Amino acid sequence: MNVPELLPEERLVRWPVILGRIGWIDRIGVFGAIIITIIALFATWLTPFNPQLRVAAAYLPPSWEHWFGTDEIGRDLFSRIVLGIQYTWLPAIVLILVSLIVGGCIGMVPGLVSRRLDILAQWLVDFFLVLPSTLVALAVIATLGAGLTNTMIAIGIAWWPWYARISRDELRRLNARPHVEAARIAGIGGPRLLLRYILPGAIPALLVAATLDVANVIMTMSLMSFIGLGQPAPAPELGAMTSRALDSLSVYWWLPMLPAAVIFLICLFASLAGDGLRTALRGA
């Protein structure tokens, strides 16, 4: 029996087609997100000075030699912010990918196995969704201790249920599609049904949700770092750098303002890129 392939609206859209549907403002966000990713991947080679060592006098204002000035010890602030982008961007991407995989599996696999298992999985998802995520994250960090890995674990505990909810909704929607019903009639089930006939149709919704979540995860991680629950000093985390320099805002304005401005730009680019992807896939 011939099983129909994915319907046109359920095919994965090619990237050139997607970019052609994105407006110029959202293209700026995509371009900015690409630049940030490049900086994060090659931060070690892009820093003009060692971010951990004193290279000049303390509290030097921005200049041609030190673009963002120096901090209270005399370390180059630009170099620390470049490395701080790596500490912020890459962990956020990893956290979202792990949450997406865990949530996607919990949201889809039980529904394909049995109805009883699906109900149990949804009870688990609902339990985590009703928990106050901020308090849970604080409790986890207080138990495990401050640090980047523990912060990611704490945030991830509260983040994966949203992807589980989205993936389950996509599973229910796609189960009613003719190509999935025909595949079931043809005796196709299990991993093949999921990977070939359901997952390709669910990826756009999950991809848009994950892209739009980047800014939220970065803001949450920066907040944890700001209140002292991130990497211990002297790690160049942007939130911690902003927090430690707040007392000198009126005198040495660049110390808290420039890391905060970089956090703002990262979140702005991520949000614009996510909006552009959502618009493009919605029009596909």
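Every value quoted in this text rests on a predicted model; they were computed, and no experiment measured them. Residue numbers start at 1 and run along the sequence shown.
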| Does the side chain to side chain contact (heavy atoms under 4.5 Å, CB included) test come out yes or no for M108 and R168, once each step is laid out? | CA-CA 5 Å; M108 286 189 174; R168 184 174 186 269; over 6 Å; no
| message | Looking at every heavy atom in both W160 and S99, which two are closest together, and how far apart are they? | response |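 Scanning both residues completely, I find the closest heavy atoms to be CB-O, 3.8 Å.
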| message | Give me the atom names and distance for the closest heavy-atom approach of L206 to Y163. | response |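 Minimum heavy-atom separation between L206 and Y163: CD2-O, 4.1 Å.
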| Under the criterion side-chain contact (heavy atoms from CB on, under 4.5 Å), which of T143, L144, L138 is the partner of V140? |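 Only match with V140 under side-chain contact (heavy atoms from CB on, under 4.5 Å): L144.
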| Option among L258, D76, I39 that satisfies the side-chain contact (heavy atoms from CB on, under 4.5 Å) test with I81 |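 The side-chain contact (heavy atoms from CB on, under 4.5 Å) with I81 is passed solely by L258 among L258, D76, I39.
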Note, [X] side chain near [Y] side chain (heavy atom, < 4.5 Å):
X	Y	result
R116	P110	no
W162	L129	yes
I263	T88	no
M221	I155	yes
H66	V55	yes
S79	N50	no
I36	F269	yes
W67	P62	no

| request: Let me see the working for M224 and I141 under side chain to side chain contact (heavy atoms under 4.5 Å, CB included), right down to the final yes or no. | output: CA-CA 9 Å; M224 295 295 179; I141 295 175; 3.9 Å; yes
Hey, could you give me the [atom1]/[atom2] distance between [X] and [Y], rounded to the nearest 0.5 Å?
X	Y	atom1	atom2	value
T211	I93	OG1	CD1	8.5 Å
S243	E237	OG	CD	11.0 Å
L272	L277	CG	CG	12.5 Å
I28	L268	CD1	CG	9.0 Å
I218	S225	CD1	OG	12.5 Å
M241	L246	CE	CG	12.5 Å

| query | Do L41 and I266 share a hydrophobic cluster, counting only Ile, Leu, Val, Met, Phe, Trp and Tyr and linking them when any side-chain heavy atoms are less than 4.5 Å apart? | reply |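 Same hydrophobic cluster.
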| Whether Q86 side chain and A40 backbone form a donor-acceptor pair below 3.5 Å |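 The answer is yes, because a donor-acceptor pair under 3.5 Å joins these two groups.
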| task | Go through D126 and R165 one step at a time and tell me if the salt bridge (charged side-chain N to carboxylate O under 4.0 Å, His left out) criterion holds. | result | CA-CA 9 Å; D126 292 338; R165 176 65 60 83; 2.6 Å; yes
| task | Walk me through it: do L120 and W123 pass the test side chain to side chain contact (heavy atoms under 4.5 Å, CB included)? | result | CA-CA 5 Å; L120 291 176; W123 282 353; 3.8 Å; yes
| message | Any donor-acceptor pair under 3.5 Å linking the side-chain atoms of Y59 with those of D71? | response |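 No pair is found: no donor N or O on one side chain lies under 3.5 Å from an acceptor on the other.
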| task | May I have the step-by-step check of side chain to side chain contact (heavy atoms under 4.5 Å, CB included) for I106 and V125, ending in yes or no? | result | CA-CA 8 Å; I106 294 177; V125 172; 4.1 Å; yes
| task | Output all residues satisfying ring pair (Phe, Tyr, Trp, His ring centres under 6.0 Å) with W253, sequence neighbours left out; order by chain, then residue number. | result |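 With sequence neighbours excluded, W253 shows a ring pair (Phe, Tyr, Trp, His ring centres under 6.0 Å) to no residue whatsoever.
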